[in-house]
2 protein chains.
Amino acid sequence: MVQSRDAERTRSELLEVATEVFSEQGYSGARVDEIAERTRTTKRMIYYYFGGKEGLFLAVLEAAYRRIRDLEQSLHAGDLEPVDAVRRIAELTFDHHVDHPDFIRLVSVENIHRGRHLEKVESLRELGAPAATVLDEVLARGRASGELRSDVDAVDVHMMISAYCVFQVANSATFGYLFGRDMLAPDVRERHRRILGDIVVGWLTAH
Amino acid sequence: MVQSRDAERTRSELLEVATEVFSEQGYSGARVDEIAERTRTTKRMIYYYFGGKEGLFLAVLEAAYRRIRDLEQSLHAGDLEPVDAVRRIAELTFDHHVDHPDFIRLVSVENIHRGRHLEKVESLRELGAPAATVLDEVLARGRASGELRSDVDAVDVHMMISAYCVFQVANSATFGYLFGRDMLAPDVRERHRRILGDIVVGWLTAH
DNA sequence: CAATGTATGTACCGTTTCGTACATTAGCCA
DNA sequence: TGGCTAATGTACGAAACGGTACATACATTG
């Protein structure tokens, strides 16, 4: 196969395919050879650009987290009333999660390995802040107006929302199977989306 | 090493160690040799009792799920008022999850593999029912008395509780790292436990 | 106490899998 | 255009890994 060279395309194609394979098979389950075969290049390039299997995984993690961070920063709810804003944030988070199952699965994989790889990625040291600041501002306004309870902080709320959303994707196989509920079906999804909004609003307005 | 034979002990020791290794390393990451080495017997016994690596994993899954089912059945909240009952159920579920991280991690591993193994375990076909029936009864009483909202079912509530509890354990590494919150610390745990109760009660009583 | 089947240990095999040595080509710049 | 470097391809090696053949010891039972 003689084809023109394009370093950037080779690199990004490897990243893309690797994201898929790692999220489908886990870190140990992913095969370097399989990743290479699914691209238009060869295994050699993984070692050339990423140094090895672990380097590739780190790059995949970094790219995935960067994507979610960018999205979180684009989420602005400053023009909504506090109660509407938290519902909005919850729903957008929900949409983002169900639209990016690969990312969620990747996070699961990384947690199996106790975050060992994540800690090696310098650029992800201070990633939490953005998601928390938007919520923080909304909660402050809600507390001031007396609409929202004051005994929880932004991280508490973010965790609750994340937990619900992550579960939808990360545990859909076992939960769906055991309770006979297809978590991927559009109507079920829409229902869960509404329920999440109800939960967050009900929780934060009860006091 | 000459030691008296004890088939049952060999079997259960293999299961115990395998649970640990699979939940720590994932399915593909777990090494048959390592599991064997950590026991007082040899690799040979894994093939003798479980047929192979996958058979061992199936047995581990089955044992873990059986343990959680037994606990769910022992959970009786019939003598409590509906509102207190749901908080109680939520808190007991929380306690159980944080006390059995291996099980949660195992479920994560199984979900990475899309529940492929779980489906092979005959004895786990109808496992969902127990957890749902207890909640179902409480919700019915709450609806009748007008204390609890009527637009959600037991599976919805169970899912919400599971999501929150599973997240505590399954995502503690990445979430804890990114938000600088040690999810395993006793005081944090206690706080999250109370918050879960507040969430469930606030949600179900808002209508 | 002999016989028989269950339980266990050892040594090894074939494959898979990550990684690399070596060769080669494409494009850029003097 | 000729050379130089970045990029890519091929073939292979060594170790890891799941699995098994074969030998053997224990314990139960008739």
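Lettering of chains follows the sequences in order, A, B, ..., and the numbering in each one begins at 1. Bear in mind the structure is a predicted one, so any value in this text is a computation, not a measurement.
Summarising the geometry, the separation between CD on A:Glu8 and C1' on D:dA6 is reported as 14 Å, rounded to the nearest angstrom. In this entry the distance linking NZ of A:Lys43 with P of C:dA21 reads 13 Å, nearest Å. Taking atom CD1 of A:Ile46 as the reference point, atom C1' of D:dG9 lies 14 Å away to the nearest angstrom. The interatomic distance linking B:Leu14 (CG) with C:dA7 (P) rounds to 13 Å, in whole Å. In this structure, A:Tyr49 atom OH and C:dG19 atom P are separated by 19 Å, rounded to whole Å. D:dA27 atom C1' lies 13 Å from atom CG of B:Asp6, rounded to whole Å. The distance between atom CZ of B:Arg40 and atom P of C:dA7, rounded to the nearest whole Å, is 17 Å. Rounded to an integer number of Å, the gap from B:Phe57 CZ to D:dG18 C1' is 17 Å.
Looking at residues two or more places apart in sequence or on another chain, you find a salt bridge (charged side-chain N to carboxylate O under 4.0 Å, His left out) between A:Glu54 and A:Lys120. Considering only residues two or more places apart in sequence or on other chains, A:Arg66 meets the side chain to side chain contact (heavy atoms under 4.5 Å, CB included) condition with A:Glu62, A:Arg69, A:Asp70. Looking at residues two or more places apart in sequence or on another chain, you find a side chain to side chain contact (heavy atoms under 4.5 Å, CB included) between B:Val188 and B:Arg181, B:Ala185, B:His192. Residues that satisfy the side chain to side chain contact (heavy atoms under 4.5 Å, CB included) test with B:Arg116, not counting sequence neighbours, are B:His113.
Taking side-chain N and O atoms only, B:Tyr47 has a distance below 4.0 Å to OP1 or OP2 of D:dG19. Proximity of A:Thr42 to the phosphate of D:dG9: a side-chain N or O atom is located under 4.0 Å from OP1 or OP2. Between B:Thr41 and C:dG9 there is a side-chain polar atom (N or O) within less than 4.0 angstrom of OP1 or OP2. OP1 or OP2 of C:dG9 has not a single side-chain nitrogen or oxygen of B:Tyr48 nearer than 4.0 Å.
Formation of a donor-acceptor pair under 3.5 Å by the A:Arg114 side chain with backbone atoms of B:Ala173 is not found in this model.
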Identify each atom pair where a protein N or O and an N or O of nucleotides 13-17 of chain C are less than 3.5 Å apart, giving names and distance.
from, atom 1, to, atom 2, distance (Å)
C:dT17, OP1, A:Arg31, NE, 2.8

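For B:Arg44, the listed nucleotide lying nearest its side chain is C:dG9; candidates were D:dT10, D:dT20, C:dG9.
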Note to self: As a quick check of understanding, evaluate salt bridge (Lys or Arg N to Asp or Glu O under 4.0 Å) for B:Asp151 and B:Arg149, giving each step before the final call.
What the structure shows: CA-CA 6 Å; B:Asp151 60 348; B:Arg149 68 194 300 158; 2.8 Å; yes
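Comparing A:Gly52 and B:Arg11, the nucleotide of DNA chain C nearest to each residue sits closer to the 5' end for B:Arg11.
Residue pairs that meet the ring pair (Phe, Tyr, Trp, His ring centres under 6.0 Å) test with at least one member in residues 34-55 of chain B, sequence neighbours left out, do not exist here.
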